[in-house]
Amino acid sequence: MKKEGTNLLIPGTPALRALRSSKEAFSADPKAYYIETWGCQMNEEDSEKLAGMLEQMGYRPVGHPQKAQCIIFNTCCVRENAELKVYGNLGRLKKLKEEHPQTIIAVCGCMMQQKGVGEAILKRYPYVDIVFGTHHAERFPEYLHRALQSGEQIFEVHEDDGTLSEGVPILRESGLKAYVTIMYGCDNYCSYCVVPYVRGREKSRTSEAILAEIRALVEEGYVEFTLLGQNVNSYGKGLEPYVSFAELLRKVNEVPGVSRIRFMTNHPKDIDEEVIKAMVDCEHITEQIHLPVQSGSSRILARMNRSYTREQYLSLIGRVRSLIPNVAISTDIIVGFPGESEADFQETLSLCEEVGFDAAYTFLYSKRNHTPADRMADQVPEDVKHERFNRLVEVVNRSAAERNAAYLHRVEDILVEGPSKNRPDTLTGRTRSGKTVNFPGDQSLTGTLQPVRITKTNSFSLFGERIEVPAKEA
Ligand code: SAH
Ligand code: SF4
C-alpha cells in the first residue's frame with residue numbers, strides 16, 4: 001500500500017524554487033522514476049525522501065530502470081560488497097542510456113561522500129548525469145532541474161555543515177509501519193567503520209519535530225513506529241532543552257494511535273537504565289532490542305574501539321532479561337577483524353551460546369579506506385574469515401531456532417502486514433517482539449491485529465493459525 005507523505009517543502013529553499021520553475025520536471029505527462037537502494041534503514045529513508053520529492057514533481061514509480069526517465073542509485077559503503085554491486089549495476093546502464101539518452105541517471109548516498117569516488121564515477125561512467133552526497137539530498141529537485149536544463153554532469157558532494165533539513169516530503173512504502181529518523185550521523189568512530197566519515201557528526205532532531213511527524217503519520221493510518229539512528233542512545237546531545245532518548249520514548253508512547261514502538265540501533269556502551277525502565281513502563285514499546293556486540297573477545301572489542309568488555313555486555317543482557325523476560329535480542333557480529341585469533345573467535349562463539357540471540361546479522365570484516373582498522377597489520381586471511389563465518393552462522397541459526405521454538409503453541413498478537421510475497425493465500429505479520437509469522441488468511445485482514453496460535457517454527461520465522469475470538473456478549 002502506498003501513502004502520500006506529508007506535503008511540506010520549506011518555503012523559499014532552492015529546492016522549492018527549482019521545483020516551481022522546473023517545466024521539464026513538472027511534466028503534464030506522468031514521468032517515471034526508479035530508485036535502487038543499498039545499505040541500511042537510513043538509506044531506505046533517504047530514498048523515501050527522494051521518492052517523495054519526485055512524486056511532487058509529477059513522477060510516478062516504476063519497477064524497472066528501463067521504463068524510467070529518472071534513475072537513482074542510492075549507495076552504501078559500509079562493506080566492499082555493497083560497493084561492487086553498485087559498480088556492476090552502473091555498468092549495465094550504459095546500453096540503457098544509449099537507447100534512452102533523455103533518461104537522467106543520478107548516483108547518491110554514502111559512497112559519494114568518500115574522497116574521489118563521485119568524481120571517478122562521473123569519469124568512468126560518462127552517462128551518469130548527477131552525483132550528490134548524503135548532506136543536502138533535499139536539494140535533489142534543483143540538481144535534477146539543472147541536469148535537465150544544461151545537459152551537463154552535476155557534482156554536488158558537500159562536507160557536513162551541521163544543518164538538518166526538516167519537512168522534506170517522504171513517500172513511505174508501507175501504510176502501516178513507519179521508520180522515523182530521530183538523529184543523523186555518528187560520533188563513535190568504531191575502528192572498522194566508515195559511517196562517521198560519510199554521515200558526519202551526530203545531530204538530533206527536536207522532539208517536537210519527531211512527535212509532529214508521528215502524529216501526522218497516525219492520521220494517515222500508521223500504527224507502528226521504528227525510531228532510527230546510528231546510536232539512538234546518544235539522542236539529544238546538543239538539543240536545547242536537552243531531551244534524553246528515554247524521555248523521547250515516553251513521549252512517543254503517549255501519542256494517541258501509536259500501537260507499537262521499536263528503535264534501533266543501540267550502542268551497548270550508551271544504553272542506560274532509563275531506557276530499559278521506559279521499555280518496562282511503556283505499553284507500546286515492544287519487547288525487542290537490537291544490541292550489536294560485534295565480538296565476544298574483550299581484546300578485539302578494545303581494538304574495535306567499542307568501549308565495553310565482554311563482561312559488561314553480558315551483564316547488560318542479564319539486566320535486560322531480568323526486567324523484560326520475553327525480550328527478543330538481536331545483534332551484529334563481525335568475523336575476522338584484524339588480529340582476531342582462533343581463541344578470540346571462540347569467545348565470540350561462546351558469547352553467542354551464552355546469550356542465545358533471537359537473530360544475529362553476521363558480517364565478514366571488510367577493509368574500509370581511511371579507517372584505523374584498515375591500517376592494522378595483522379589482517380585475517382580471507383579463507384580463515386570464511387571458515388569462521390560458516391561456523392558462526394551455524395551457532396546463531398541454532399540459537400535463533402531454539403528461541404523461535406519457545407513460541408510453539410503460544411498465542412501471539414500479530415500485526416498483519418499483508419499477503420506473503422510468494423503465497424497470496426498466506427498472510428504475513430509480526431509479533432510484538434518482531435518475529436515474522438505466516439498464517440492462512442484473507443488480505444482484508446491487512447492492518448489489523450490478529451490472535452495467532454504458533455504451530456511451527458524455524459530459524460527465521462514462525463507459522464500459525466488464526467484463532468477465532470468468540471464475540472463479546474452483549
Ligand atoms: N550504527 C550501527 C550500525 C552500523 S553499520 C551500530 O553501531 O550498530 C551496521 C553493521 O555493519 C555494524 O553493526 C557492523 O556489524 C557492520 N560493519 C560496519 N563496518 C563494517 C566493516 N568494515 N566490515 C564488516 N562489517 C561492518
Ligand atoms: Fe559505525 Fe560504530 Fe557509529 Fe555504528 S556506532 S555507525 S558501527 S562508528
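Just follow the structure's listing: the first ligand is 1, and inside any ligand the first atom is 1. Hydrogens, waters and symmetry mates play no part in the numbers below; they use all other heavy atoms, side chains included.
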Minimum-distance protein heavy atom relative to [atom]:
atom	value
atom 3 (Fe) of ligand 2	Cys186 SG, 2.2 Å
atom 4 (Fe) of ligand 2	Gln230 O, 4.3 Å
atom 7 (S) of ligand 2	Tyr192 OH, 3.4 Å
atom 18 (C) of ligand 1	Val78 CG1, 3.4 Å
atom 8 (S) of ligand 2	Cys190 N, 3.4 Å
atom 6 (C) of ligand 1	Thr265 CG2, 3.6 Å
atom 16 (C) of ligand 1	Arg79 NH1, 3.2 Å
atom 19 (N) of ligand 1	Tyr192 CD1, 3.3 Å
atom 3 (C) of ligand 1	Gln230 OE1, 3.6 Å

Any N/O of [X] closer than 3.5 Å to an N/O of ligand 1?
X	answer
Asn266	no
Ser366	yes
Gln294	yes

Query raised in the report: Should Glu80 and Lys367 be marked as a salt bridge (Lys or Arg N to Asp or Glu O under 4.0 Å) after you check the CA-CA gap, both sets of side-chain angles, and the distance that decides it?
Result: CA-CA 7 Å; Glu80 192 186 13; Lys367 274 175 82 145; over 6 Å; no
Would you say the side-chain atoms of [X] and [Y] include a donor-acceptor pair closer than 3.5 Å?
X	Y	result
Gln41	Glu45	no
Asp358	Ser330	no
Arg403	Ser433	no
Asn231	Asp270	yes
Asn404	Thr457	no

Query raised in the report: Should one rank His267, Arg306, Met304 by closest heavy-atom distance to atom 7 (O) of ligand 1, which comes out on top?
Result: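 Residue with the shortest heavy-atom distance to the ligand atom: Arg306.
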**Report entry** Winner among Asp332, Thr331, Asn81 once heavy atoms are compared against atom 9 (C) of ligand 1
**Finding:**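 Comparing heavy atoms across Asp332, Thr331, Asn81, the nearest one to atom 9 (C) of ligand 1 lies in Asp332.
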Query - Near-ring test Phe132/Phe140, centroid separation under 6.0 angstrom - result: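 Yes, they do, as the ring centres are separated by less than 6.0 Å.
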Report task. Verify the distance test for Cys193 against atom 3 (Fe) of ligand 2: any N/O/S atom under 2.8 Å, yes or no. Result ->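 No N, O or S atom of Cys193 is closer than 2.8 Å to atom 3 (Fe) of ligand 2, so no.
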Query raised in the report: Near Pro196, which atoms of ligand 2 are under 4.0 Å from a heavy atom of that residue?
Result: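 Numbered from 1, ligand 2 contributes 8 (S).
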Query raised in the report: Can you list the atoms of ligand 2 that are under 4.0 Å from a heavy atom of Tyr189?
Result: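 This gives 8 (S) as the contact atoms.
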Requested in this report: Compute the minimum heavy-atom distance from Asn231 to ligand 1 and say whether it is under 4.0 Å.
Outcome: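 Checking ligand 1 against Asn231, which is what was asked, there is no heavy-atom contact under 4.0 Å.
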**Report entry** Sub-4.0 Å heavy-atom contact, Val195 with ligand 1
**Finding:**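 No, that is not the case, since the closest heavy atom of the residue is not under 4.0 Å from the ligand.
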Contact atoms of ligand 1, heavy-atom distance to [X] under 4.0 Å:
X	answer
Arg368	22 (N)
Pro292	8 (O)
Leu364	23 (N), 24 (C)

Query raised in the report: Would you say Lys115 has more than 12 foreign heavy atoms packed within less than 6.0 Å of its NZ?
Result: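 Check fails, neighbour count at 12 or below.
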Query - Mutual orientation of the aromatic rings belonging to Phe225 and Tyr222 [parallel < 30°, tilted 30-60°, perpendicular > 60°] - result: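 It falls in the tilted class, 30° to 60°.
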Report task. If the plane angle is over 60° it's perpendicular, under 30° parallel, otherwise tilted; pick one for His158 and His136. Result ->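 His158 and His136: perpendicular rings.
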With a 4.0 Å cut-off, would you call [X] and [Y] a salt bridge?
X	Y	answer
Arg391	Glu387	yes
Lys277	Glu274	yes
Glu412	Arg432	no

Query raised in the report: Is the closest heavy-atom distance from Arg199 to ligand 2 below 4.0 Å?
Result: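 Contact check Arg199 vs ligand 2: negative.
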Query raised in the report: After noting the C-alpha distance and the side-chain angles of Ser47 and Asn74, does the key distance pass the side chain to side chain donor-acceptor pair (under 3.5 Å) rule?
Result: CA-CA 7 Å; Ser47 289; Asn74 190 358; 3.0 Å; yes
Query raised in the report: Which bit of Gln294 is near ligand 2, meaning a heavy atom under 4.0 Å away: side chain, backbone, both or neither?
Result: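 It is neither part, as no heavy atom is under 4.0 Å.
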